[in-house]
Q: 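My questions all concern the structure below.
Ligands are counted one by one from 1 in listed order, and the atoms in each one are counted from 1 as well. Note that the structure is a prediction, hence the values are computed from the model and not measured.
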Amino acid sequence: MYNLILFGPPGCGKGTQSDKLVEKYGLVHLSTGNLLRQEIKDKTPLGLEAKNFIDKGQLVPDEVVIGMVDSYFDQHKDAKGFLFDGFPRTVAQAKALDKLMELKKTEIGKVLVLDVNEEELIKRLVLRGKTSGRSDDADENIQRNRQEVYKKETLPVAAYYSKSGKVAKVDGMGSISEIFDRLSFHIDKKIK
Ligand code: ADP
């Protein structure tokens, strides 16, 4: 099994690059953002709870997200590997993922960190807000809040993994295919 974490701030292009990476490497895409949006669409109790947090640009509580990841993992027993996108977003989630990996006798192969400057992030999110239909994209204040939450709660996750020697920082500025090539380079190096 080959598992990968794609890491970076809101608007850095994780979703776009994930779609291309899962196709190229035959991985299962585990995007907690997508899973939560599906729960909201289906009006499940989990979705209704999550919506309150998402619409304010806050994080959904760890236990909710971790439970969702565990069950998604179990639903994909034949997976060649997973691409984690938007998870882990807190150190508590990273620790829970470590436990899950250990339990399943597998590990994280690589943590790829997409690096994009903040002005570009806000620009991309404002643009996305015009077409995505996502309530958390529509408002610049919510977007700024998401960047703050990222710095405070999610950046420590990068430090958590930095000790493992698995982290690679990738320039997230440029065209979609340039960035994709940079990400692929790191994965190919690891897989070969
Ligand atoms: P983006 O890529 O723009 O950051 P996502 O689609 O990954 O957005 O997530 C949208 C929202 O869903 C987040 O702002 C957060 O409220 C919630 N969310 C997604 N993943 C997690 C997670 N792992 N832990 C807590 N909340 C999450």
Q: Any salt bridge between R144 and E140, counting N to O under 4.0 Å?
A: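 Judged by the 4.0 Å cut-off on N to carboxylate O distance, R144 and E140 do form a salt bridge.
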
Q: For atom 20 (N) of ligand 1, which protein heavy atom lies nearest, and how many Å away is it?
A: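 In this structure, atom 20 (N) of ligand 1 has T32 OG1, 2.7 Å as its nearest protein heavy atom.
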
Q: Around atom 26 (N) of ligand 1, find the nearest protein heavy atom and jot down its residue, atom name and distance.
A: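 I find the closest protein heavy atom is V60 N, 3.0 Å.
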
Q: How far is atom 4 (O) of ligand 1 from its nearest protein heavy atom, and which residue and atom is that?
A: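 Looking at atom 4 (O) of ligand 1, the protein heavy atom closest to it is R89 NH2, 2.7 Å.
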
Q: How far is atom 8 (O) of ligand 1 from its nearest protein heavy atom, and which residue and atom name does that atom have?
A: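 Result for atom 8 (O) of ligand 1: R134 NH2, 3.2 Å.
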
Q: Just to be sure I read this right, does ligand 1 sit under 4.0 Å from the backbone of R128, its side chain, both, or neither, counting only heavy atoms?
A: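 Side chain only.
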
Q: According to salt bridge (charged side-chain N to carboxylate O under 4.0 Å, His left out), does anything in residues 58-82 pair up with another residue at least two apart or in another chain? List the pairs.
A: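 Pairs touching residues 58-82 that pass the test: D74-K104.
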
Q: Are I122 and Q147 packed together at the side-chain level, in the sense that at least one heavy-atom pair is separated by less than 4.5 angstrom?
A: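 A side-chain contact exists here, since the closest heavy-atom pair is under 4.5 Å.
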
Q: Does E102 have more than 12 heavy atoms from other residues, nucleotides or ligands lying within 6.0 Å of its CD?
A: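 No, the 6.0 Å shell around CD holds no more than 12 heavy atoms from other groups.
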
Q: For D136, is at least one N or O under 3.5 Å away from an N or O on ligand 1?
A: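 No; every N/O pair is 3.5 Å or more apart.
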
Q: At under 4.0 Å between heavy atoms, is it the side chain or the backbone of L59 that contacts ligand 1, or both, or neither?
A: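 Both backbone and side chain.
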
Q: For K151, check side-chain hydrogen bond (donor to acceptor under 3.5 Å, both in side chains) against everything at least two apart and list the hits.
A: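 Residues passing side-chain hydrogen bond (donor to acceptor under 3.5 Å, both in side chains) with K151: E118.
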
Q: Is F53 in contact with ligand 1, taking contact as a heavy-atom separation below 4.0 Å?
A: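 It does not, in that no heavy atom of F53 comes within the 4.0 Å cut-off of ligand 1.
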
Q: Indicate yes or no: does an N/O atom of N34 lie under 3.5 Å from an N/O atom of ligand 1?
A: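 There is no such contact.
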
Q: Specify the protein heavy atom at minimum distance from atom 15 (C) of ligand 1: its residue, its atom name, and the distance to 0.1 Å.
A: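 Nearest neighbour among protein heavy atoms for atom 15 (C) of ligand 1, to 0.1 Å: Q58 O, 3.6 Å.
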
Q: What residue among L6, V111, L97 forms side-chain contact (heavy atoms from CB on, under 4.5 Å) with F84?
A: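 So the option named by the test is L97.
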
Q: Could you tell me if the side chain of D188 sits less than 4.5 Å from the side chain of Y25, heavy atoms only?
A: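 Heavy-atom side-chain distance check passes, below 4.5 Å.
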
Q: Given that the side chain starts at C-beta and the backbone is N, CA, C, O, which of these parts of R146 lies under 4.0 Å from ligand 1, counting heavy atoms, or is it both or neither?
A: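 It is the side chain that gets close, since no backbone atom is under 4.0 Å.
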
Q: At what distance is the nearest protein heavy atom to atom 18 (N) of ligand 1, and which residue and atom is it?
A: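 So the nearest neighbour among protein heavy atoms is L36 CD1, 3.5 Å.
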
Q: Has L48 got more than 12 heavy atoms of other residues, nucleotides or ligands less than 6.0 Å from its CG?
A: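 Atom CG in L48 is crowded, with more than 12 foreign heavy atoms closer than 6.0 Å.
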
Q: Charged N to carboxylate O below 4.0 Å: is that the case for D137 and R146?
A: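 Salt bridge between D137 and R146, a charged N being under 4.0 Å from a carboxylate O: yes.
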
Q: Has ligand 1 got any nitrogen or oxygen that is less than 3.5 angstrom from a nitrogen or oxygen of G86?
A: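 Right, the criterion is met.
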
Q: Which heavy atom of L121 sits nearest a heavy atom of P9, and at what distance?
A: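 For L121 and P9, the tightest heavy-atom pair comes out as CD1-CG, 3.6 Å.
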
Q: Just need the protein heavy atom nearest to atom 2 (O) of ligand 1, so name the residue and atom and give the distance.
A: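 Going atom by atom, the protein heavy atom closest to atom 2 (O) of ligand 1 ends up being K14 NZ, 3.8 Å.
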
Q: Heavy atom to atom 12 (O) of ligand 1, shortest distance: which of L6, I40, I54 holds it?
A: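 Minimum heavy-atom distance to atom 12 (O) of ligand 1 goes to I54.
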
Q: May I ask which of M68, Q93, Q147 has a heavy atom nearer to atom 24 (N) of ligand 1 than the others do?
A: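 Of the listed residues, Q93 has the closest heavy atom.
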
Q: Any Lys/Arg nitrogen of R124 or E120 sitting under 4.0 Å from an Asp/Glu carboxylate oxygen of the other?
A: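 Here R124 pairs with E120 in a salt bridge, since their nearest N and O are under 4.0 Å apart.
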
Q: Which atoms of ligand 1 have any heavy atom of F87 under 4.0 Å away?
A: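 The atoms of ligand 1 under 4.0 Å from a heavy atom of F87 are 23 (N).
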
